[in-house]
Visitor: 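One structure follows; several queries about it will come next.
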Amino acid sequence: TVSYGVNGLTLAGGIDALGGDDDSNIWGASVAWQATDALYVGAKYEVFDSDANSGYGEDGDAATNLYAGYTVGKNTFKGMVADVEKYGETIFHLGWDYQYRPDLKFFVEYYSEEETAAITAKHGGLGDECWDCSGGYAAVAGLRYDFGATTRDKQSGSAGSLPIDFNFYASVRVHGESVHPDKEVGPNAFDSYAGWRDAYSRIGFNAEHAFGDTTAYAKLELPLDIPNKAVQDPWNQDEDIRIGKLGLKGGFGDVAVGQMWMPYYNAIAYPVDMFSSYYSGFATYTTFRKGDTVAYYKPKWGGFSLGAAYT
């Protein structure tokens, strides 16, 4: 990905080279503008370049997002409309966040999709969708509570003390929801329901040690699916590690190896889909995080920044 930022305006473009039997690529571009301290707007366009001529990922399938957020005091109002061909189709997402204090936020959201993408059976995830239900809508209300502690451990060695900064943290994110599929018939169909859903709770730590102008770091972050009482991502319930990486950063940039957020998602998809609930992040074709990855971010130069990863 390549990004350019100036005066609150950020332009980004990139490619997610998926490969595979269909030699698939996702080309994407986004624009984000912090117009004032209160107003933020963004837009994104993605398109498949693929040998596939039918089904999901067909050549020419496209995803378009328009997003806006407006902050007044402790309140942030958000809205997104998206069209994602063969994955949700027309999507509407509205939200209100109330930042009660720095570590505690309350939120209310409404999410609807024309065809199935995010909506699943109660407490379900990937594989628990009803593809015959033709989408539906969900109304949610929940909270996010963050806590953490920073310590410095000085380990003695032949060269004297070796300071390592540790930051332990956790974030509890849950919401109640009322979910209504458009059709309650067909294979894997389910009735409308009310229940609890995890919104990507996590626990983890960061560790850093600086030597000269270079810093070595490590990060481990585990998902917590609180309603299901499991260490798993609430969507991809086979994922039990969100982030696990080792890296070096300095004047040369930032290089890391392990499982991490992908540069394409960070630059193209995330800036136009920033909600607080479980239903955040579905209006894109790309993958959020991948393991067995090497990633590099180049330092900003004249407003330009570069990110690349190989899996």
Visitor: Distance-only, no hydrogens or angles: does the Ser280 side chain make a donor-acceptor pair with backbone N or O of Asp273 under 3.5 Å?
Guide: yes
Visitor: Can we call the ring centroids of His93 and Tyr110 under 6.0 Å apart?
Guide: no
Visitor: For a salt bridge (Lys or Arg N to Asp or Glu O under 4.0 Å) with Asp97, tell me which candidate from Lys74, Lys78, Arg144 qualifies.
Guide: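 Exactly one option meets the salt bridge (Lys or Arg N to Asp or Glu O under 4.0 Å) with Asp97, and it is Lys78.
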Visitor: Does the structure place the NZ or CZ of Arg173 under 6.0 Å from the centre of the six-membered ring of Tyr200, at an angle of no more than 45° from the ring's axis?
Guide: no
Visitor: Quick one: are Glu221 and Ile203 in side-chain contact, heavy atoms under 4.5 Å?
Guide: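 Result no, sub-4.5 Å side-chain heavy-atom pair not found.
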Visitor: Please examine the side chains of Leu18 and Ile26, heavy atoms only from C-beta on, and report whether any two atoms are closer than 4.5 Å.
Guide: yes
Visitor: Between Glu208 and Lys219 (salt bridge meaning N to carboxylate O under 4.0 Å), is one present in this structure?
Guide: no
Visitor: Return yes if some donor-acceptor pair links the side-chain N/O of Glu177 with the main-chain N/O of Val179 below 3.5 Å, else return no.
Guide: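 Side chain of Glu177 to backbone of Val179, a donor-acceptor pair under 3.5 Å: no, none is there.
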Visitor: Might you point out which heavy atoms bring Ala309 and Pro263 nearest each other, and give the distance in Å?
Guide: CB-CD, 3.6 Å
Visitor: What do you reckon, is CZ of Phe252 surrounded by more than 12 foreign heavy atoms closer than 6.0 Å?
Guide: yes
Visitor: Within the structure provided, determine whether Phe92 and Thr90 are in side-chain contact (heavy-atom separation under 4.5 Å).
Guide: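 Yes, at least one pair of side-chain atoms sits under 4.5 Å.
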Visitor: Mind checking the OH-OG spacing from Tyr278 to Ser201? Nearest 0.5 Å is all I need.
Guide: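 Here the rounded value is 13.5 Å.
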Visitor: Heavy-atom count check: over 12 atoms from other residues, nucleotides or ligands less than 6.0 Å from Trp27 CH2?
Guide: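 No, not enclosed.
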Visitor: Look only at the side chain of His175 and the backbone of Ala199, and say whether a donor-acceptor pair between them is shorter than 3.5 Å.
Guide: no
Visitor: Determine the sole option in Arg289, Arg202, Lys290 for which the salt bridge (Lys or Arg N to Asp or Glu O under 4.0 Å) test with Glu239 is passed.
Guide: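 Of the listed residues Arg289, Arg202, Lys290, the salt bridge (Lys or Arg N to Asp or Glu O under 4.0 Å) partner of Glu239 is Arg289.
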Visitor: Less than 6.0 angstrom from the centroid, inside 45 degrees of the normal: does Lys105 satisfy that with respect to the ring of Tyr145?
Guide: no
Visitor: State, to 0.1 Å, how close Trp33 and Asn7 come at their nearest heavy-atom pair, and which atoms those are.
Guide: NE1-O, 4.2 Å
Visitor: Checking side chain to side chain contact (heavy atoms under 4.5 Å, CB included) against Val31, which of Thr10, Val272, Leu9 comes through?
Guide: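 Of the listed options, the one satisfying the test is Leu9.
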Visitor: Can you check whether Glu89's main-chain N or O pairs, donor with acceptor, with Glu113's side chain at less than 3.5 Å?
Guide: no
Visitor: So which atom in Thr286 and which in Ala269 form the shortest heavy-atom distance, rounded to 0.1 Å?
Guide: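 It is CG2-CB, 4.3 Å.
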Visitor: Are Phe48 and Tyr285 near enough that their ring centres are under 6.0 Å apart?
Guide: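 Yes, they do, as the ring centres are separated by less than 6.0 Å.
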Visitor: Return the CH2 to CG distance between Trp235 and Asp128, rounded to the nearest 0.5 Å.
Guide: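 Those atoms lie 8.5 Å apart.
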Visitor: Arg197 and side chain to side chain donor-acceptor pair (under 3.5 Å): which single residue from Thr120, Asp225, Asn228 fits?
Guide: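 Of Thr120, Asp225, Asn228, side chain to side chain donor-acceptor pair (under 3.5 Å) with Arg197 is met by Thr120 alone.
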Visitor: Would you find a donor on one side and an acceptor on the other, under 3.5 Å apart, between the side chain of Glu85 and the backbone of Ala62?
Guide: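 Yes, because the side chain of Glu85 sits within donor-acceptor range (under 3.5 Å) of the backbone of Ala62.
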Visitor: Under 4.5 Å between side-chain heavy atoms, counting indirect links through other Ile/Leu/Val/Met/Phe/Trp/Tyr residues: same cluster for Val108 and Leu104 or not?
Guide: yes
Visitor: Any non-hydrogen side-chain atom of Phe205 less than 4.5 Å from a side-chain atom of Leu222?
Guide: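 Answer no - side chains too far apart.
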Visitor: I'd like to know if the side chain of Thr1 and the backbone of Gly13 have a donor-acceptor N/O pair within less than 3.5 Å.
Guide: no
Visitor: Taking side chain to side chain donor-acceptor pair (under 3.5 Å) as the criterion, tell me which of Asp165, Asn206, Asp254 meets it with Tyr217.
Guide: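 Answer after filtering Asp165, Asn206, Asp254: Asp254.
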Visitor: Looking at Tyr100, I'd like to know if its OH atom is crowded, meaning that more than 12 non-hydrogen atoms belonging to other residues, nucleotides or ligands lie closer than 6.0 Å.
Guide: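 Counting other residues, nucleotides and ligands, OH of Tyr100 stays at 12 neighbours or fewer.
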Visitor: How many angstroms lie between NZ in Lys86 and OG in Ser54, if you round to the nearest 0.5 Å?
Guide: 8.0 Å
Visitor: Between atom CD1 of Ile15 and atom CD1 of Ile268, what is the distance when rounded to the nearest 0.5 Å?
Guide: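 It is 11.0 Å, given to the nearest 0.5 Å.
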Visitor: Where the side chain of Glu109 meets the backbone of Gly95, is there a donor-acceptor pair that is under 3.5 Å apart?
Guide: no
Visitor: Give me the atom names and distance for the closest heavy-atom approach of Ile243 to Trp261.
Guide: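 The answer is CD1-NE1, 3.4 Å.
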Visitor: Calculate, to the nearest 0.5 Å, the distance between atoms CG and OH belonging to Asp83 and Tyr45 respectively.
Guide: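 That separation rounds to 10.5 Å.
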Visitor: Shortest non-hydrogen contact from Val174 to Phe107?
Guide: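 Where Val174 meets Phe107 most closely, the heavy atoms are O-CZ, 3.9 Å.
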Visitor: Does Glu58 offer a backbone N or O that forms a donor-acceptor pair with the side chain of Asp61 under 3.5 Å?
Guide: yes
Visitor: Is the backbone N or O of Ser24 less than 3.5 Å from a side-chain atom of Asp22, with the two atoms forming a donor-acceptor pair by type?
Guide: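 Side chain of Asp22 to backbone of Ser24, a donor-acceptor pair under 3.5 Å: no, none is there.
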Visitor: Please report whether the ring centroid of Tyr270 lies less than 6.0 Å from that of Tyr67.
Guide: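 When the ring centroids of Tyr67 and Tyr270 are compared, they turn out to be at least 6.0 Å apart.
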Visitor: Quick check: does any side chain N or O of Gln259 sit under 3.5 Å from a backbone N or O of Ile241, one acting as donor and the other as acceptor?
Guide: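 Yes; judged by distance alone, with no hydrogens or angles, the pair exists.
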Visitor: State whether the number of non-hydrogen atoms from other residues, nucleotides or ligands found under 6.0 Å of Tyr310 atom OH is greater than 12.
Guide: no
Visitor: So, do Val84 and Ile91 sit near enough that their side-chain heavy atoms are less than 4.5 Å apart?
Guide: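 In short, these two side chains touch, coming nearer than 4.5 Å.
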Visitor: Do Phe288 and Tyr265 have ring centres separated by under 6.0 Å?
Guide: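 Yes.
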Visitor: Hey, could you give me the CD/OG1 distance between Glu46 and Thr284, rounded to the nearest 0.5 Å?
Guide: 3.5 Å
